[in-house]
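Here the structure comes first, spelled out in structure tokens, and everything after it is commentary.
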Amino acid sequence: MTQSLFPATSLSYAEARERLIQLLSECASKLSDADWRAGYERIDALEEDDVLDLVTDAALFSFRGKRRAIDRILPKLKAGDELSARLMEGLAGALFSVFEIARIDNDQIILRDVLDNGRERVMTDLSLARSGRPGLVFAARLIDVGPWYMGLGIVLPLDKSEALAIAMFLETGARDDLHELVYHCTVHDISLVHAIVMPMVDAFCEELDEDDKPVCELMEELGSRSGLLSRIER
């Protein structure tokens with residue numbers, strides 16, 4: 001966590017939340033038609049799907065070439081005070097990941113970042129503190145506001161199998177686009193396990209079909225179930 005620009009005791013969650021909502025609304029208002037089209041296309045959504053929050057996040061934070069819309073928009077905004085400046089900095093480095101609630105201490109939630117070796121992050125979210133529980137796994141985008149992290153309003157619960165599939169099989173280079181995969185699966189009610197693992201299984205099957213060895217020889221080569229999994233992972 002970065003060093004805060006102001007003492008933790010001076011930071012009001014309610015004020016920070018209200019200002020963050022204002023900033024996100026201002027950023028969304030500056031999205032171009034091309035940005036909105038890209039947002040819908042990246043998660044394969046339609047306007048009638050009623051997932052504007054997911055589309056907005058994808059439009060702001062998905063890469064188009066080497067840049068994101070958020071990188072173009074934030075420098076055009078004016079930070080009237082230290083809180084706005086800190087929130088804008090947080091938005092520029094907003095982190096999308098998979099988190100597990102370790103414990104809840106009043107209004108603060110201690111998270112483990114599943115994709116960062118279980119690194120603990122302290123999040124303040126009054127709603128999640130009331131409705132969440134230790135062991136809950138979810139995908140979300142968080143911003144660092146100094147004393148703690150805040151969410152951007154999207155919290156998508158995941159099964160443990162989905163979290164493990166992302167952690168174990170998703171390539172590190174694909175994690176910049178992880179939100180697109182999660183949102184796509186949410187919109188179309190697709191299991192993340194299937195979305196991540198099935199392309200690997202298909203590639204493995206294609207490799208087997210192109211192998212010149214007889215089936216019996218392939219069976220001996222594969223051997224046990226662990227041997228099969230090792231081939232799939234490659």
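FYI, side chains are in, hydrogens and waters are out, and symmetry mates aren't considered; it's all heavy atoms of this structure.
- Taking the six-membered ring for Trp and thresholds of 30 and 60 degrees, Trp36 and Tyr40 have ring planes inclined between 30 and 60 degrees apart.
- Scanning both residues, Arg72 and Ser32, for their nearest heavy atoms gives NH2-N, 4.1 Å.
- Looking at heavy atoms from C-beta onward, Arg103 lies in side-chain contact with Glu120 at the 4.5 angstrom threshold.
- Contact of the Glu100 side chain with the Leu136 side chain is not registered, since no non-hydrogen atoms from C-beta on lie closer than 4.5 Å.
- Across all non-hydrogen atoms, the minimal contact from Met123 to Gly151 is CE-N, 3.8 Å.
- The aromatic rings of Tyr183 and Phe96 lie perpendicular to each other, with more than 60° between the two planes, well past the 30° mark.
- Using modelled atom types, one side-chain atom of Ser29 and one backbone atom of Glu26 make a donor-acceptor pair closer than 3.5 Å.
- No side-chain donor-acceptor contact under 3.5 Å links Asp57 to the backbone of Leu54.
- You'll find the side chain of Ile101 reaches within 4.5 Å of the side chain of Leu111, heavy atoms only.
- In this structure, Asp49 contributes its side chain and Leu46 its backbone to a donor-acceptor pair below 3.5 Å.
- The closest donor-acceptor contact from the side chain of Asp81 to the backbone of Ser84 lies under 3.5 Å.
- When side chains are defined from C-beta on, Leu178 counts as touching Leu115, because their heavy atoms get closer than 4.5 Å.
- Taking the charged nitrogens against the carboxylate oxygens, Asp113 and Arg119 have no contact shorter than 4.0 Å, which rules out a salt bridge.
- With hydrogens and angles ignored, the 3.5 Å screen pairs no side-chain donor or acceptor of Arg17 with any backbone N or O of Ile21.
- Under a 4.0 Å N-O distance rule, the pair Asp107/Arg130 does not qualify as a salt bridge.
- In this structure a side-chain-to-backbone donor-acceptor pair under 3.5 Å is missing from Asp116 to Gly118.
- The two residues Cys185 and Ser191 make their nearest non-hydrogen contact at SG-O, 4.4 Å.
- Looking only at side-chain heavy atoms (C-beta outward), Leu158 and Phe138 stay at 4.5 Å or farther from each other.
- Counting only heavy atoms from C-beta outward, the side chains of Thr186 and Val51 never approach each other to under 4.5 Å.
- Considering every non-hydrogen atom in both Ile70 and Pro75, the closest pair reads O-CD, 4.4 Å.
- In this structure, the side chain of Glu162 engages the main chain of Leu192 through a donor-acceptor pair within 3.5 Å.
- Between Leu77 and Cys27, the closest side-chain pair of non-hydrogen atoms falls below 4.5 Å.
- Both the sub-6.0 Å distance and the 45° axial angle are satisfied by Arg141 relative to the ring of Phe61.
- Ion pairing between Asp35 and Arg37 fails under the 4.0 Å rule for side-chain N and carboxylate O.
- A donor-acceptor pair under 3.5 Å links the side-chain atoms of Asp125 to the main chain of Leu128, judged by distance alone.
- For the atom pair CZ of Arg112 and CZ of Arg121, the computed distance is 13.5 Å after rounding to the nearest 0.5 Å.
- Of all non-hydrogen atoms in Leu11 and Ala16, the two that sit nearest each other are CD1-CB, 4.1 Å.
- The pair Glu15-Arg19 meets the salt-bridge criterion, since a charged nitrogen lies less than 4.0 angstrom from a carboxylate oxygen.
- Atom CD1 in Ile154 sits 4.5 Å away from atom CG in Asp53 (nearest 0.5 Å).
- Under the 3.5 Å distance criterion, the side-chain polar atoms of His184 are left unmatched by any main-chain donor or acceptor of His179.
- Remark: side-chain polar atoms of Arg42 are paired, donor with acceptor, to backbone N or O of Phe63 under 3.5 angstrom.
- The closest side-chain heavy-atom distance from Ser97 to Val114 is not below 4.5 Å.
- A 6.0 Å sphere centred on CG of Asn106 holds no more than 12 heavy atoms belonging to other residues, nucleotides or ligands.
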